[in-house]
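One structure is given below, encoded as C-alpha cells.
One is the number of the first residue; the rest follow in order along the sequence. No hydrogens, no waters, no symmetry mates; every other heavy atom, side chains included, goes into these values.
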Amino acid sequence: MLILFMLSALLIGCSAKDEVKPSADSLLAKDAFAKIDVIRDAYQRKDKGLLQDNADPGVAESLIQNLAFDKAELSFNPTIYKITDEFIVVTLTWQGNWQDAKNVRLENRGVTNFVLQKDALKLIKISGDNPFLMPVSANIR
C-alpha cells in the first residue's frame, strides 16, 4: 500500500506541467511580428506618422508615396525568421485587396522579407514582393 501511495505521488508530481519560458530569440521574433502588424495597420489606415515612427526614413517615405488607394486590406502569414547580431529578417506570405478611387478592386499576393533593425525594431528594408504597392489596374490608360 505504501508503495502504491509513493508511486501515485510520484506520477502526480511528474504529470504537473512545467512552465516553459520562451527564449530571448522567440520573444524578439514575437516583437518583430507585432511591429510588422503595426506597420501593416498604419498602411491600411494611411497613418503617415505611425509609418514614419516605425520605419527608416527612406522606407517610410516610400510607404507614404504608395498610399494612393481608397481602401486596403492586407493579411500577413509569417513563415520564418532569422536573427543576426544587427537584424531580424522576417519572411512571410501575404495577400492584399485594394480599392482605388474608381471603386476598382485589385488583388495581389506574394512572398517578402522584412528586415528590421534588431535594437530599435525599425523596418529598414523590404525585399521580394512588396505588399505595400497597390497593383496597377488593367483599365488605366
If the condition is side chain to side chain donor-acceptor pair (under 3.5 Å), which residues does Asp129 pass it with, not counting sequence neighbours?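 Side chain to side chain donor-acceptor pair (under 3.5 Å) check on Asp129 returns nothing, list empty.
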Common cluster, [X]/[Y], ILVMFWY with side-chain heavy-atom separation under 4.5 Å:
| X | Y | result |
| --- | --- | --- |
| Ile124 | Val89 | yes |
| Val115 | Ile39 | no |
| Val38 | Phe132 | no |
| Leu121 | Leu51 | yes |
| Ile83 | Phe87 | no |

Working to the nearest 0.5 Å, report the span between [atom1] of [X] and [atom2] of [Y].
| X | Y | atom1 | atom2 | answer |
| --- | --- | --- | --- | --- |
| Glu61 | Lys48 | CD | NZ | 9.0 Å |
| Glu107 | Gln99 | CD | CD | 12.0 Å |
| Glu73 | Arg105 | CD | CZ | 6.5 Å |
| Lys71 | Asn103 | NZ | CG | 10.5 Å |
| Asp47 | Leu63 | CG | CG | 12.0 Å |
| Leu92 | Ile80 | CG | CD1 | 12.0 Å |

Would you please name every residue forming a side chain to side chain contact (heavy atoms under 4.5 Å, CB included) with Pro22, sequence neighbours left out?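 So Pro22 forms a side chain to side chain contact (heavy atoms under 4.5 Å, CB included) with Ser26, Leu27.
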Validation row: [X], [Y] side chains within 4.5 angstrom (heavy atoms):
| X | Y | result |
| --- | --- | --- |
| Phe76 | Phe33 | no |
| Leu116 | Ile36 | yes |
| Val111 | Thr79 | no |
| Thr112 | Asn130 | no |
| Lys118 | Glu86 | no |
| Leu74 | Trp98 | yes |
| Phe114 | Pro131 | yes |
| Asn54 | Leu123 | no |

Decide side-chain contact (heavy atoms from CB on, under 4.5 Å) for Ile88 and Val90; before the verdict, give the C-alpha distance in whole Å, the side-chain angles of both, and the deciding distance to 0.1 Å. CA-CA 6 Å; Ile88 303 168; Val90 177; 4.0 Å; yes
Is Lys46 atom NZ crowded by more than 12 heavy atoms from other residues, nucleotides or ligands, each under 6.0 Å away?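 Yes.
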Quick check on Lys125: does its NZ atom have over 12 non-hydrogen neighbours (other residues, nucleotides or ligands) under 6.0 Å away?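 Atom NZ in Lys125 is not crowded, with 12 or fewer foreign heavy atoms closer than 6.0 Å.
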Step by step, would you call Phe69 with Tyr43 a side-chain contact (heavy atoms from CB on, under 4.5 Å)? CA-CA 10 Å; Phe69 54 84; Tyr43 172 80; 3.4 Å; yes
Hey, is the main chain of Ser62 close enough, under 3.5 Å, to the side chain of Asn66 for a donor-acceptor pair?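 Yes, Asn66 side chain to Ser62 backbone: donor-acceptor pair under 3.5 Å.
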Applying side-chain contact (heavy atoms from CB on, under 4.5 Å) to Ile64 and Gln52, what does each step give before you reach the verdict? CA-CA 9 Å; Ile64 290 168; Gln52 290 171 332; 3.7 Å; yes
